[in-house]
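Any value given below was found using the heavy atoms of this structure, including those in side chains, with hydrogens, waters and symmetry copies removed. Each chain gets a letter, A, B and so on, in the order the sequences are listed, and its residues count up from 1. Because the structure is a prediction, the values reported are computed rather than measured.
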Amino acid sequence: MARPESSRTRIYDVVRRVPRGKVATYGQIATIAGLDGHARQVGYAMAAIGRVSTVPWQRVINAQGRISMRSEGPGGSIIQQQLLEREGVVFRGGRVDLKRFGWKPRRS
DNA sequence: CCACTGACGAGTG
DNA sequence: GCACTCGCCAGTG
């Protein structure tokens, strides 16, 4: 409702564009959402999502190809890894090869 | 209004 | 490759 477009809404909109089997970094999402350089804000927005959402939050990882830890410890990150593997993303040494699975957005 | 917190990134040693 | 520092900003009490 009375919440037109907060920065978070924009971030979610971008995350929703990430196709299955691909992953995007926080910085990448930030840049596309028009918040270039504010990757922290993206991570913060993800944390505020909640369990159910139309946003594929699991496809968002850090620039190192690793899954960031939530306040609940490493347990949460394992769930995320499983969700991604199920989509076809391969983890090698706890890391994802962004060269292969990194999402390549297209500018309009 | 002030202080603290937090799914990060890039740079340095 | 890892540990530490600084920068940036919104949300919460």
Next on the checklist: What contact category does A:Arg59 fall into here, base, sugar-phosphate, or nothing, at under 4.0 angstrom with non-hydrogen atoms?
Outcome noted: nothing
Checklist outcome for this item: Between A:Ile61 and A:Ile67, the two heavy atoms sitting closest are CG2-CG1, 4.1 Å
Checklist entry - For the hydrophobic clusters of this structure (ILVMFWY residues joined by side-chain heavy atoms under 4.5 Å, transitively), does one cluster hold both A:Leu35 and A:Tyr44? => result no
Checklist entry - Can you tell me if A:Asn62 uses its side chain to pair, donor with acceptor, with the backbone of A:Gly65 under 3.5 Å? => result yes
Item to check | Main-chain N/O of A:Ala45 paired to A:Tyr12 side chain as donor or acceptor, under 3.5 Å | outcome: yes
Checklist entry - If you measure from the P atom in B:dT12 to the same atom in C:dC8, how many Å do you get, rounded? => result 16 Å
Checklist entry - Would a distance-only check, ignoring hydrogens and angles, find a side-chain to backbone donor-acceptor pair under 3.5 Å from A:Gln58 to A:Gln80? => result no
Item to check | Protein-to-nucleotide contact annotation, 5' to 3' order, nucleotides 2-13 of chain B [B base; S sugar-phosphate only; - none; under 4.0 Å, heavy atom] | outcome: ----BBBSS---
Next on the checklist: Assess, by modelled atom type and distance only, whether the side chains of A:Arg70 and A:Ser77 contain a donor and an acceptor separated by less than 3.5 Å.
Outcome noted: no
Next on the checklist: Measuring to OP1 and OP2 of C:dC9, would you say a side-chain N or O of A:Arg8 lies under 4.0 angstrom away?
Outcome noted: no
Checklist entry - Do any N or O atoms from the side chain of A:Arg59 and from the backbone of A:Leu84 form a donor-acceptor pair under 3.5 angstrom? => result no
Checklist entry - Between A:Gln28 and A:Trp103, is there a donor-acceptor pair closer than 3.5 Å when you use the side chain of the first and the backbone of the second? => result yes
Next on the checklist: Tell me which residues in residues 94-104 of chain A lie within less than 4.0 Å of DNA chain B, going by non-hydrogen atoms.
Outcome noted: none
